[in-house]
Amino acid sequence: MNVRNAADETGTRTVVDEATQSPKGESMADESGVMLPGSREEMRFLRKNSNWVNMIIAILACLAVAVGILFLAPQPEVDSERVVDYQGIAEQSQGNAEFDLIVPQIPRGWTSNEATLDRVGDSEFTSWYMSFIGPDDQWVSIEQAEASENWAKRKTDEAVAAEKVTVGGADFQIYRTEEAKEYWVTHKGDMYVVLTATAAPDTVNTFADQVAAQLK
């Protein structure tokens with residue numbers, strides 16, 4: 001006669017609680033859900049985060065190498081400041097102008113970065129425009145047109161009328177902005193000139209004096 005285990009006789013099965021497994025089947029967390037030190041879950045978590053850290057370190061290392069190469073590579077010598085022959089452009093443009101173009105002599109160290117005879121935007125007047133740049137971020141532009149007082153006033157960008165001065169026998173109405181930009185407006189008949197500047201007073205006077213001498 002065979003002897004059977006009492007558990008087999010009742011048909012019950014033994015269930016092993018994961019929390020009481022041997023070290024080979026070690027639990028990943030306790031009943032509270034807290035990750036157990038040394039558990040497989042902790043090891044998996046550490047490996048996962050370690051991979052991200054290594055990836056970030058590798059990317060930063062590549063960027064550092066790339067930046068280093070850029071600094072060590074010889075840089076091309078490029079003059080970022082545009083320079084034009086405003087006097088040559090004036091000679092070429094005079095034949096297309098209906099008035100004598102004002103062409104000043106600029107101070108030492110100054111250059112012209114624009115000179116054009118054109119009708120700007122929706123303006124009904126063709127104007128002669130020159131732009132000059134100098135040391136210490138100084139800038140002067142001269143725009144001349146056979147136009148009207150309203151044309152000249154629009155060129156001042158709603159700056160405030162400040163004072164009137166006489167330079168070289170010509171009267172100039174000066175307009176100023178809060179940013180210290182000045183607009184010097186003068187005319188002879190219907191020939192208007194607007195001198196715009198952010199420059200030293202002596203430099204502005206030098207340009208204004210030449211405008212007055214050439215204004216016809």
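With rounding to the nearest 0.5 Å, the separation of CE in M130 from CD1 in I102 is 6.5 Å. Between atom NE2 of residue H187 and atom CD of residue Q144 there is a gap of 14.0 Å, rounded to the nearest 0.5 Å. Atom OH of residue Y86 and atom OH of residue Y129 lie 14.5 Å apart, to the nearest 0.5 angstrom. Put simply, CD on Q214 and CG on L101 are 10.0 Å apart, with the number rounded to the nearest 0.5 Å. Considering CD of E124 and OG of S148, their distance stands at 6.5 Å, rounded to 0.5 Å. In this structure, the separation between CG on D85 and OG on S112 is 8.5 Å, given to the nearest 0.5 Å.
Looking at T126, its side chain never comes within 3.5 Å of a backbone N or O of D118 through a donor-acceptor pair. Distance alone, capped at 3.5 Å, is enough to place a donor-acceptor pair between the Q210 side chain and the Q105 backbone. Not one N or O on the side chain of E91 forms a donor-acceptor pair closer than 3.5 Å with the backbone of G88.
Taking both residues in full, the closest heavy atoms of A161 and Q173 are given as CB-NE2, 3.8 Å, listed atom of the first, atom of the second, then distance. Looking at every heavy atom in both residues, W128 comes nearest to T116 through CE3-O, 3.4 Å. Summarising the geometry of L117 relative to S93, their closest heavy-atom pair is CD2-O, 3.5 Å, with the distance given to 0.1 Å. Of all heavy-atom pairs spanning A208 and F172, the tightest one is O-CZ, 3.5 Å. Across all non-hydrogen atoms, the minimal contact from P135 to G109 is CD-O, 3.9 Å.
Linking Ile, Leu, Val, Met, Phe, Trp and Tyr residues whenever their side-chain heavy atoms come within less than 4.5 Å leaves Y175 and V165 in two separate clusters. By the criterion of side-chain heavy atoms lying less than 4.5 angstrom apart, applied directly or through intervening Ile, Leu, Val, Met, Phe, Trp or Tyr residues, V185 is not grouped with I174; the two fall into different hydrophobic clusters. Follow the hydrophobic side-chain contacts under 4.5 Å out from W110 and you never reach W139; the two are in separate clusters. No continuous path of ILVMFWY side-chain contacts below 4.5 Å connects F132 to Y183, so the two sit in separate hydrophobic clusters.
Under the rule for a side chain to side chain contact (heavy atoms under 4.5 Å, CB included), the partners of R154 that lie at least two apart in sequence or sit in another chain are N150, W151.
When the shell of 6.0 Å around CD of E114 is examined, it contains more than 12 heavy atoms from other residues, nucleotides or ligands.
Applying side chain to side chain contact (heavy atoms under 4.5 Å, CB included) to P104 and the options V211, D209, I142, V140 leaves one that passes, I142.
The salt bridge (charged side-chain N to carboxylate O under 4.0 Å, His left out) pairs that include a residue from residues 159-171 are E163-R176, where partners are two or more places apart or lie in different chains.
At a threshold of 4.5 Å between non-hydrogen side-chain atoms, the residues V84 and N113 do not count as touching.
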Which atom pairs, donor and acceptor, lie under 3.5 Å between side-chain atoms of residues 189-206 and protein residues at least two apart or in another chain?
| from | atom 1 | to | atom 2 | distance (Å) |
| --- | --- | --- | --- | --- |
| N205 | ND2 | P201 | O | 3.4 |
| T206 | OG1 | D202 | O | 2.9 |

